[in-house]
Amino acid sequence: MILGTRLLFVLTFLPLLTGCGNLLYLSRLGWHQSFVTFRSLPVEEVLEEEGLDEEARGKVLLIQEVKRFGERRLGLKETGNYTKFFEARGPILFLLTASEKDRLHPHSWHFPIIGRVTYKSIFTLKAALKEKRLLEGRGLDAYLQAAAAYSTLGWLKDPIFSTMLTWDVPTLVNVILHEMVHATIYFKGETDLNEKIATFIANQGTLQFLSERYGPDSREVSLALQYQEDDLLFSRWVEKAYRELSEFYAQPLSREEKLKGREEIFERLREQFVQLLGQFKTDCYRGFEKTEFNNAVILAHRRYVGHLEGFEELYERSGRELKKVVDYFKEIRAKGDWKALSPFKE
């Protein structure tokens, strides 16, 4: 199974307080993170508020349940995450992906602790748009997305953001597990691999949790499966787009010829996506055809859903015991056995 490109807007981690490069950028990250930290309230206080409706209260409690499930049943790291609550007013941060125009090569940012990262987290829309314009001014493709949650990889206590409480149950469970995986398993400089590991484990963990809590024939499990089927359909389109563009850029053409020719490919890809719309079972990809396609768009979405076959094989070899999959990657990280990651990388 393949999980949530619908979650691309909520699944990320924040390169926080990581030393060199753009000091102004880092200081802004620190300021905004401090604001979130100091304005967050203990979950116990929030649950006692008279104005909290029952649905929201139920989801706050559900998050605690998912956290316990992830820690005790899947072997994910025990943290102080989701013990605080932050009232959010719109997107929490923005995610910026960039790429060269004449080949599918992602632009990257480097940080001492987390290594090379192929997207940049920015807290305000104004700053994100400014950075996007700067990248475009350098001749790069750029793609900006709003995010409603993030992980600090266990360095800080990530709060429950109020926006989480508007999501349906399968999405909420998936997001919490995905971010818990990031806090547990992280390989420096391997952005796509880290996201795919979190994608696969959270996807399978969501189905396991929902089946146990609501029953295998429940509406919640059915909706989770529909999301995953839509993700699989979308991922096939993404892979086709990636292959077609890669083959085109590999031709002995001038940069000008590539920039002109790629527009025809993007238009054809858009038409092919429109033809798929009737096959989607949920509305999670509604409106994607209106996106202005470029290389950064393809790379940003492929980051989460491309080539998960190796993870599926590991899951089967582990007797479909997800904790063994988690332990496998934890052991690789502990030993520094990077060669063992080869089957999961392209």
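Between Phe329 atom CZ and Phe311 atom CZ the span is 5.0 Å, to the nearest 0.5 Å. Put simply, CD on Glu54 and CG on Leu61 are 9.0 Å apart, with the number rounded to the nearest 0.5 Å. To the nearest 0.5 Å, the span separating CG on Leu134 from CG on Leu140 amounts to 11.0 Å.
In this view, Asn295 and Tyr249 satisfy the side-chain hydrogen bond (donor to acceptor under 3.5 Å, both in side chains) rule, not counting sequence neighbours.
Within the structure, salt bridge (charged side-chain N to carboxylate O under 4.0 Å, His left out) pairs that include any residue of residues 88-103 comprise Glu100-Arg103, Lys101-Asp141, Asp102-Arg255 (at least two apart or interchain). Legend: salt bridge (charged side-chain N to carboxylate O under 4.0 Å, His left out) pairs involving residues 197-212, not counting sequence neighbours, sorted by first then second residue: Arg73-Glu212.
Proximity of Glu179 to Asn81: side-chain heavy atoms (C-beta onward) are nowhere separated by under 4.5 Å.
Using a distance-only test at 3.5 Å, with no hydrogens or angles considered, no donor-acceptor pair links the side chain of Ser211 to the main chain of Gln208. A donor-acceptor contact shorter than 3.5 Å links the side chain of Glu257 to the backbone of Ser254. Checked by atom type and distance alone, the side chain of Trp237 pairs as donor or acceptor with a backbone atom of Leu269 at under 3.5 Å. The backbone N or O of Val297 lies less than 3.5 Å from no partner atom in the side chain of Glu292, so there is not a single donor-acceptor pair. Of the possible donor and acceptor atoms, one in the side chain of Arg303 sits under 3.5 Å from a partner among the backbone N and O of Thr118. At least one donor-acceptor pair under 3.5 Å links the side chain of Ser235 to the backbone N or O of Leu232. For Arg270 (side chain) and Thr291 (main-chain N/O), a donor-acceptor pair under 3.5 Å exists by modelled atom type. Side chain of Asp337 to backbone of Ile332: no donor-acceptor contact under 3.5 angstrom is found. Looking at Ser99, its side chain never comes within 3.5 Å of a backbone N or O of Leu104 through a donor-acceptor pair. Distance alone, capped at 3.5 Å, is enough to place a donor-acceptor pair between the Arg333 side chain and the Tyr186 backbone.
A donor atom on one side chain and an acceptor atom on the other are found under 3.5 Å apart for Asn203 and Gln228. If you check the side chains of Glu321 and Ser318, you find no donor sitting under 3.5 Å from an acceptor.
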Does the pair Glu195 and Tyr119 meet the rule for a side-chain hydrogen bond (donor to acceptor under 3.5 Å, both in side chains), with working shown? CA-CA 12 Å; Glu195 292 301 341; Tyr119 54 77; 2.9 Å; yes
Can you list the steps and then say if Arg236 with Glu239 is a salt bridge (charged side-chain N to carboxylate O under 4.0 Å, His left out)? CA-CA 5 Å; Arg236 289 171 180 160; Glu239 284 302 318; over 6 Å; no
Please lay out, stage by stage, how Lys59 and Glu55 fare under the test salt bridge (charged side-chain N to carboxylate O under 4.0 Å, His left out). CA-CA 6 Å; Lys59 287 181 178 177; Glu55 181 180 0; 3.4 Å; yes
Using the salt bridge (charged side-chain N to carboxylate O under 4.0 Å, His left out) rule, take Glu256 and Lys260 through it: C-alpha gap first, then chi angles, then the decisive distance, then the call. CA-CA 6 Å; Glu256 291 71 23; Lys260 181 179 179 181; over 6 Å; no
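When all heavy atoms of Ser40 and Pro159 are compared, the pair lying nearest together is OG-CB, 3.8 Å. Of all the heavy atoms in Lys77 and Thr184, the pair that sits closest is N-OG1, 2.8 Å. Among all heavy-atom pairs drawn from Gln204 and Glu312, the shortest one is NE2-OE1, 4.0 Å. Closest approach of Glu220 to Pro170, counting heavy atoms only: O-CG, 3.4 Å. Gly75 approaches Val326 most closely through the heavy-atom pair O-CG1, 4.0 Å. Counting all heavy atoms, side chain and backbone alike, Ala224 lies closest to Leu207 at CB-CD2, 3.9 Å.
Shown here is Arg72, whose CZ atom has no more than 12 heavy atoms of other residues, nucleotides or ligands within 6.0 Å. Counting non-hydrogen atoms of other residues, nucleotides and ligands closer than 6.0 Å to CZ of Arg219 gives a total of 12 or fewer. Counting heavy atoms of neighbouring residues, nucleotides and ligands inside a 6.0 Å radius, atom CD of Glu331 does not exceed 12 of them.
Between Phe200 and Tyr315, the ring planes lie perpendicular to each other; the angle is over 60°, past the 30° to 60° tilted range. Note: Phe288 and His301 have perpendicular aromatic rings, judged against thresholds of 30 and 60 degrees for the angle between ring planes.
Two rings, from Phe280 and Phe273, have their centers less than 6.0 Å apart.
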